[in-house]
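Below is one structure; the comments refer to it alone.
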Amino acid sequence: MGTIVSPKWLLARMYEPDLVIADCRFALGKPLSGRSAYEEAHIPGAVYLDLEQDLSAPVGTHGGRHPLPEPEALQAVFRRAGIGPDSRVVAYDDQGGAMASRLWWLLRWLGHDAVYVMDEGFGAWQAAGFPVTAETRIVVPGGFAARPQPHRLAGLEEVRAASSAAAPGSWAAGGSGGPAGTDAAGGHASVEALQPGNLAPVDRLGVEASVVDGLDAAFGSIEEPNEAAEGAGEAAAPLLIDSRDPIRYAGIEEPLDAKAGHIPGAVNRFWKGVQDEQGHWKSGAALDEAFAGIPKDRELIVYCGSGVTATPNILALEAAGFTNVKLYAGSWSDWISYSKNPIAVGDEEDSEKA
């Protein structure tokens with residue numbers, strides 16, 4: 001079965017003993033609204049998991065607005081929610097799947113693959129006349145065991161390397177550019193070694209050797225390229241995907257974070273593009289169109305403002321057949337917490353086409 005399940009699918013299975021239903025409703029800027037909505041009405045048997053209290057670590061200097069919790073902390077949260085090694089988890093929200101996808105990604109990151117997101121959300125469930133309740137059930141703790149999957153997560157240095165490879169000019173302009181030259185401390189002699197007074201004595205028989213020695217001293221020995229070295233340089237650097245609204249990506253408006261713009265080299269794929277106008281998750285050709293122009297064999301690093309709305313993009317990318325997709329958990333709000341990280345504005349894809 002796929003990652004997205006319909007309300008009817010859940011209705012038919014909601015009382016099965018291995019099923020854990022997680023209500024993830026949450027509104028940014030209104031931290032109590034999600035729990036209040038849950039207490040008023042929710043799908044029978046659902047437990048509530050709060051984005052900031054359960055699915056994020058406390059905010060610090062770095063890590064973004066919704067820092068990634070330690071695996072041990074999440075393990076405790078998931079055990080309290082009744083999740084065990086054989087549980088099937090279905091998450092829902094009323095925010096287009098953004099909060100539910102955060103739970104989906106966290107569970108997948110910790111090695112639990114049997115996790116799904118309900119299509120459309122709680123509003124559609126309620127509108128269909130399906131049962132709701134204000135009662136909360138007694139939860140028997142589960143035996144969830146965290147098994148972190150490092151290949152799902154990109155660290156800051158990986159993001160910096162991908163950005164530098166895609167937009168080297170931004171890094172040079174920011175003053176943190178790469179090794180434009182190396183002095184004697186780095187193992188290479190100065191170009192002064194090529195000056196006539198510094199070259200080895202020249203005679204007619206040794207002129208070629210002297211010149212070569214001088215060049216070697218200045219620039220290091222020149223060797224013929226080998227096939228292995230050429231092959232090693234063919235792999236493309238990871239592609240950065242910014243999941244935020246195009247206006248935020250371009251740096252035109254920034255309602256949440258202290259600085260506007262995006263990570264240099266990133267392309268924009270707004271996360272809401274993976275759903276249709278009715279709020280259904282796209283599939284097939286429609287989903288392929290949402291990620292047109294992105295090679296499926298490319299390593300991808302996806303980010304957003306704080307590591308939440310990037311997760312529906314990751315879910316959709318994997319559904320579309322992309323197999324090497326990572327989350328930059330701290331995302332834009334972490335990136336701008338480092339003063340030396342460069343910032344880009346405008347649409348980089350449009351610039352390239354021009």
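Worth saying up front: this structure is predicted, and the values here are computed from it rather than measured.
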Got [X] and [Y] here, is their nearest side-chain heavy-atom distance under 4.5 Å?
X: Cys24; Y: Leu51; result: no
X: Ile4; Y: Trp9; result: no
X: Phe322; Y: Ile314; result: no
X: Val139; Y: Val20; result: no
X: Asn324; Y: Leu300; result: no
X: Trp125; Y: Leu10; result: yes
X: Pro238; Y: Val159; result: no
X: Val132; Y: Phe122; result: yes

For [X], give me all partners under ring-ring contact (aromatic ring centres under 6.0 Å, His included), at least two apart in sequence or on another chain.
X: His62; value: Tyr338
X: Tyr38; value: His42, Tyr48
X: Trp109; value: Trp105
X: Tyr303; value: none

- Could you pull out all residues at least two apart from Asp119 that satisfy salt bridge (Lys or Arg N to Asp or Glu O under 4.0 Å)?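 Expected list: none.
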Nearest heavy atoms of [X] and [Y], plus distance in Å:
X: Glu52; Y: Pro31; value: OE1-CB, 3.8 Å
X: Thr309; Y: Ala98; value: CG2-CB, 3.9 Å
X: Gly64; Y: Val59; value: O-CG1, 4.0 Å
X: Ala329; Y: Leu153; value: CB-CD1, 3.9 Å
X: Gly82; Y: Ser87; value: O-OG, 3.9 Å
X: Pro7; Y: Phe130; value: CB-CE1, 3.8 Å

Taking atom [atom1] of [X] as the centre, report whether more than 12 heavy atoms of other residues, nucleotides or ligands fall under 6.0 Å from it.
X: Glu39; atom1: CD; result: yes
X: Lys296; atom1: NZ; result: yes
X: Glu40; atom1: CD; result: no

- Message: Just to verify, what does Ala310 make a side chain to side chain contact (heavy atoms under 4.5 Å, CB included) with, not counting sequence neighbours?
- Response: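 With sequence neighbours excluded, Ala310 shows a side chain to side chain contact (heavy atoms under 4.5 Å, CB included) to Ser243, Val302, Cys304, Leu327, given in chain and number order.
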Under 3.5 Å donor-acceptor, [X] side chain and [Y] backbone:
X: Ser164; Y: Ala161; value: no
X: Asp94; Y: Gly121; value: no
X: Tyr249; Y: Ala266; value: yes
X: Ser163; Y: Pro264; value: yes
X: Thr311; Y: Val308; value: yes
X: Glu348; Y: Gly265; value: yes
X: Asp50; Y: Asp54; value: no

Atom pair [atom1]/[atom2] of [X] and [Y] - distance to nearest 0.5 Å:
X: Leu55; Y: Leu107; atom1: CG; atom2: CG; result: 8.5 Å
X: Asp288; Y: Ile294; atom1: CG; atom2: CD1; result: 11.0 Å
X: Ile301; Y: Ser331; atom1: CD1; atom2: OG; result: 11.0 Å
X: Leu68; Y: Leu106; atom1: CG; atom2: CG; result: 6.5 Å
X: Glu70; Y: Leu74; atom1: CD; atom2: CG; result: 9.0 Å
X: Ile241; Y: Ile263; atom1: CD1; atom2: CD1; result: 12.0 Å

- Any chance the side chains of Ser56 and His66 put a donor and an acceptor closer than 3.5 Å?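 Side chains of Ser56 and His66: no pair found under 3.5 Å.
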- Task: Before giving the answer on side-chain contact (heavy atoms from CB on, under 4.5 Å), spell out for Leu110 and Gln75 the whole-Å C-alpha distance, their side-chain angles and the decisive distance to 0.1 Å.
- Result: CA-CA 9 Å; Leu110 295 184; Gln75 176 175 277; 5.7 Å; no
Does anything in [range] pair up under salt bridge (charged side-chain N to carboxylate O under 4.0 Å, His left out), and if so which pairs, sequence neighbours excluded?
range: residues 23-38; answer: Asp23-Arg25
range: residues 153-172; answer: Glu157-Arg160, Glu158-Lys326
range: residues 249-265; answer: Arg65-Asp257, Arg244-Glu254, Arg248-Glu254, Arg248-Asp257

By the side chain to side chain donor-acceptor pair (under 3.5 Å) test, which pairs, at least two apart or in different chains, include something from [range]?
range: residues 12-22; answer: Glu16-Arg88, Asp18-Arg88
range: residues 267-276; answer: Arg269-Glu349
range: residues 131-153; answer: Arg152-Glu318

- Message: If you apply the rule side-chain contact (heavy atoms from CB on, under 4.5 Å), what do you find for Tyr328 with Asp242, and how did you get there?
- Response: CA-CA 10 Å; Tyr328 172 27; Asp242 187 314; over 6 Å; no
- Message: Checking Asn341 against Leu156 for the side-chain contact (heavy atoms from CB on, under 4.5 Å) test, could you report, in this order, the C-alpha distance in whole Å, the side-chain angles of both residues, the deciding distance, and whether it holds?
- Response: CA-CA 10 Å; Asn341 284 346; Leu156 176 63; 4.1 Å; yes
[X] with [Y], same ILVMFWY side-chain cluster at under 4.5 Å:
X: Ile247; Y: Trp335; result: no
X: Leu256; Y: Phe26; result: yes
X: Ile43; Y: Leu11; result: yes
X: Trp281; Y: Phe270; result: no

